[in-house]
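See below for the structure under consideration.
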Amino acid sequence: MVKAIEKTGIAVVQMANLVPVATSVGANKIVPSISIPYPLGDPATPFEEQWKLRYHRVGVALDALSTEVTEQTVFSVKI
Amino acid sequence: MKKIVHYINQFFAGVGGEEQADYKPELHTEILGPSLALNKALEDAEVTHTLVCGDGYFGSNEEAATQELLGMLEGLEFDLFVAGPTFRAGRYGFAAGSICKSVKEKFGVPVLTSMNDENPGVNMYKKDMYIFKGGKSATKMRSDIKVIASAANKILKGEKLGSAESENFYPRGIRLQVIDKNMKPASTRVVEMLLKKLSGKEFETELPIPKNDRVDIAPAIKDLSKAKIALVTTGGIVPIDNPDKIQSASATRWGMYDISSNDDLLEGIYKTIHAGFDPYGADTDPDRIVPLDVLRAYEKEGKIDSIDSHFYSTVGTGTTEGEAYRMGSEIAVVLKDHNVDAVILTST
Amino acid sequence: MKLEIGNFIVKEVSFGNSTSFQNGVLTINKKEALEHVMEDSHITEADIVIAVPGDKKRIVPVKEAIEARCKIGKNCTFPGVTGDLYQLGEGRTHALKNMSVLAVGKHWGSFGDGLIDMSGPGADYSHYSGLINVCLVADTDEEFERHEQQKKNHALRWGAMRLSEYLAEAVRELEPDEIEDYDLCSITGRDNVKDLHKVVYVIQCQSQMEELGYNDLVYGWDMNKYVPTLMHPNEIIDSAIISGSFMPCSSKWSTYDFQNNPTIKELYKEHGKTLNFLGVITSNLNVSLEQKNRSALFVAQIASTIGADGAILAEEGYGNPDADFIACFDALEDAGVKTVGITNECTGRDGKSQPLVVLSEKADAIVSCGNVSKLIELAPMEEVVGELQSLARDGLSGGWADDEKLGPSVKEDGSIIMENNSMFCGDQVVGWSQKTMKEF
């Protein structure tokens, strides 16, 4: 999926919890998410906290899209 | 009787060595060189023509040579195409692989060739055709021809070739299941393999780890504030009635859904159909998988210019790499049409 | 720990006036058997159908398989599940061999359910095609999940457990045809095995649903809320682990699979000869990378602490569980424990996809048990036990309602096209598998 899109020259960032899988399928820019069933917001936490986490990680993903990299890169997140 | 056309280079056609490498394509109705041996080893088939081309000519004029050679085959009746054996001759191997590939594409007939494992043609073409494992040099001509002929006999009789190991061809990257009631059960195989590994003896894994290939990294977005961003997911978020009937596992379908007037993906309007995980988190707030709400916030702030009118969705679980690649390519076509600059792909 | 399993070889099963076992014939009083099943008021209707190898029968949707057993001196077979907790793996257990008790939906299937053909080419795909199957075919009033793809199938699975316990009562007081001894003392108390390779068996049991009720249970404990633990192999083959209701079926291990795990038996056979069988580390499969890595860390630590120099690593699943598998493989190798993995693959219908979703060069020794996505076409079968349409309609992992090229999984004439995914416990990663993968 990610390879087929990137091949056309469109910049792609993959947000995935299973970083080894994303690495293995050939994603070049990866931003970690928190789990498989709820990548961007743990239902057990307050709504505001989920929103903050999602806002932060999507922000990291956007910054990743505008970052030049030369090899597979996993971008780090703060929350 | 079935008919075979056989491709060989100028050297084996008896034209000459390196000095004749620029020899141009020729079609012979009187078969020559290794074609004679091949013809003899066939059962219910014959070699009707030998196609000859100089390795140098082919190498430096691949496109033109291919067109000339294919032109010569036009109108001929043949059921199978053989090239070589090419041993360790690099340019011969390249030419054999290349012409086999073109013949297979144009005429739809099975193609066979043979190369030594040091021949660079192996890695270039092994995924496209049967390349049998051959000797280092022409001293192995007889045995290499025999291997090709026996495969040709099977194919022409309508039989399927066995595994790469049993037929002695280079693995084509196609792994299929084999059931064998004479095989030792997995419990025995695993204990035996472990004992070998522990005693430092040689063992053979049943799943050789393939090398992984990458694509070039797309250029970074220069100015995010002018970029149009699309959301793509393999987490199976769809409108609640799943209008495209995307399968919940082993998906072969994908869908695109208009979000141009949405600020948020709401519970009860969207859900996940992904069967690979507990859907509770996704169903109660689909933004947890397709983060439209926060992306809209970035749009309002001006960090990005806009969000694509649609998001794109399929299911990742059990979906094969091949299907995923096809769907990704199809989605990419739409993304290009929509002038999307960059994609956030969320996977589960 | 010393366990005796007393085997009663079942050659025939029939219905009759009283449930009894004599000369290889298990007779079942159907009415009385069904009364035990119907103790759960959620079961609205139930029947028992017998399917014998060679029968022209197709069984679907199959949710579970159990070997009928009773524990001498105890009143339940599955402590923590059907009765109070007690220590498994010691004492005497009686088992009805050569047969299994199947839980079959009368109408409704779910993602993890499978199919068994009792004859023909479809019979090559399931271990259960070769057993006498006592099929509990039932429906329930579990309305909350009636149309859900993921079902807990609680009433049916527990109903089949009660049926298996009821049937095994017939042999509680009898003398078995044969007795298998499983005797393995404490790791430090062994003196004749000093120079042998010290081997541990690691099983990664399915536990990926965060909501309880779908996962494998160990002594009744949901393995989602679990960190890896060292267990005595006798506990596993003495019914300590109950199969769940989630994974694509060919990857799944039924309760019968756990009770009869061939790899444990093979390791027992080699114990004291070529190796020293230390025990079983029961691990799990998870949904976040941190959880996956945590379990891998525990497994490698336990293996090192007990001094293992070799490990067999088996996963009950494919897809993202491959990440658990490879994480554990890497962790064991990094800890100096030489490891051989055993798993199925997903190379796609054309065989061209990457076999596992995560790969590692350290995973240099793997036994492969087949391709979950292999397409299988089978002719109609004279009799269907259950409901054939469930394969197409209810989201079974290897079936579909419609497909552009292939049409629906279930054709009008009763023939079917499906992926290996829905063959009941078909890939037999527990060790029966006579399947492998080859390059073509």
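Chain naming here is simple, since letters A, B, ... match the order of the sequence lines and numbering starts at 1 in each.
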Spell out the residues in [range] that have some non-hydrogen atom less than 4.5 Å away from a non-hydrogen atom of chain A, in order of number; otherwise answer 'none'.
range                       : result
residues 252-275 of chain B : none
residues 326-348 of chain B : Met327(B), Gly328(B), Ser329(B), Ile331(B), Ala332(B), Leu335(B), Lys336(B), Val340(B), Asp341(B), Ala342(B), Val343(B), Ile344(B), Leu345(B), Thr346(B), Ser347(B), Thr348(B)
residues 292-311 of chain B : Asp293(B), Val294(B), Leu295(B), Ala297(B), Tyr298(B), Glu301(B), Lys303(B), Ile304(B)
residues 278-289 of chain B : Asp278(B), Tyr280(B), Gly281(B), Ala282(B), Asp285(B), Asp287(B), Arg288(B), Ile289(B)

Flag the pair [X] / [Y] as yes when at least one side-chain heavy-atom distance between them is below 4.5 Å, and no otherwise.
X         : Y         : result
Gln247(B) : Thr314(B) : no
Phe169(B) : Ile131(B) : no
Val69(A)  : Ile217(B) : yes
Lys101(B) : Met129(B) : yes
Val58(A)  : Met15(A)  : yes
Tyr125(B) : Cys100(B) : no
Met1(A)   : Tyr325(B) : no
Ser163(B) : Val178(B) : no

Considering only heavy atoms and a distance below 4.5 Å, find which of [options] pairs most often with chain B.
options                               : value
Gln50(A), Arg57(A), Glu71(A)          : Gln50(A)
Gly9(A), Pro39(A), Ala22(A), Gly59(A) : Pro39(A)
Ile5(A), Thr8(A), Ile34(A), Ile36(A)  : Ile36(A)
Lys29(A), Lys7(A), Glu6(A)            : Glu6(A)
Asp63(A), Asn17(A), Leu53(A)          : Asp63(A)
Gly41(A), Ser33(A), Pro43(A)          : Pro43(A)

Segment of [X] engaging chain B (4.5 angstrom heavy-atom cut-off):
X        : answer
Val21(A) : neither
Ser35(A) : neither
Leu18(A) : neither
Thr67(A) : backbone

Against chain A, label Thr233(B) side chain, backbone, both or neither, depending on which of its atoms sit under 4.5 Å from a heavy atom there.
neither
Looking at [X] and [Y], what are the two nearest heavy atoms and their distance?
X         : Y         : value
Gly26(A)  : Val2(A)   : C-CG1, 4.3 Å
Ile10(A)  : Ala218(B) : O-CB, 3.6 Å
Val31(A)  : Ala61(A)  : CG2-CA, 3.8 Å
Pro208(B) : Arg175(B) : CD-NH1, 3.7 Å

If you count every heavy atom of other residues, nucleotides or ligands that lies below 6.0 Å from Lys52(A) atom NZ, does the total exceed 12?
no
Show your reasoning for whether side-chain contact (heavy atoms from CB on, under 4.5 Å) applies to Leu62(A) and Leu224(B).
CA-CA 8 Å; Leu62(A) 290 172; Leu224(B) 264 182; 4.0 Å; yes
Trace of the side-chain contact (heavy atoms from CB on, under 4.5 Å) decision for Leu194(B) with Phe203(B)
CA-CA 9 Å; Leu194(B) 180 64; Phe203(B) 60 90; over 6 Å; no
Do side-chain atoms of [X] reach the backbone of [Y] as a donor and acceptor pair under 3.5 angstrom?
X         : Y         : answer
Ser313(B) : Ile237(B) : yes
Thr66(B)  : Glu62(B)  : yes
Gln72(A)  : Thr23(A)  : yes

Before you tell me yes or no, could you show the steps for Leu65(A) and Ile229(B) under side-chain contact (heavy atoms from CB on, under 4.5 Å), namely the whole-Å CA-CA distance, both residues' side-chain angles and the distance that decides it to 0.1 Å?
CA-CA 10 Å; Leu65(A) 287 169; Ile229(B) 309 290; 4.2 Å; yes
Going by an N to O cut-off under 4.0 Å, is there a salt bridge joining Arg189(B) and Glu206(B)?
yes
Audit row: His56(A), Lys78(A), side-chain contact (heavy atoms from CB on, under 4.5 Å) steps and yes/no
CA-CA 8 Å; His56(A) 169 67; Lys78(A) 296 207 179 91; 3.6 Å; yes
Spacing of NZ belonging to Lys3(A) relative to CG belonging to Asp216(B), to within rounding of 0.5 Å:
12.0 Å
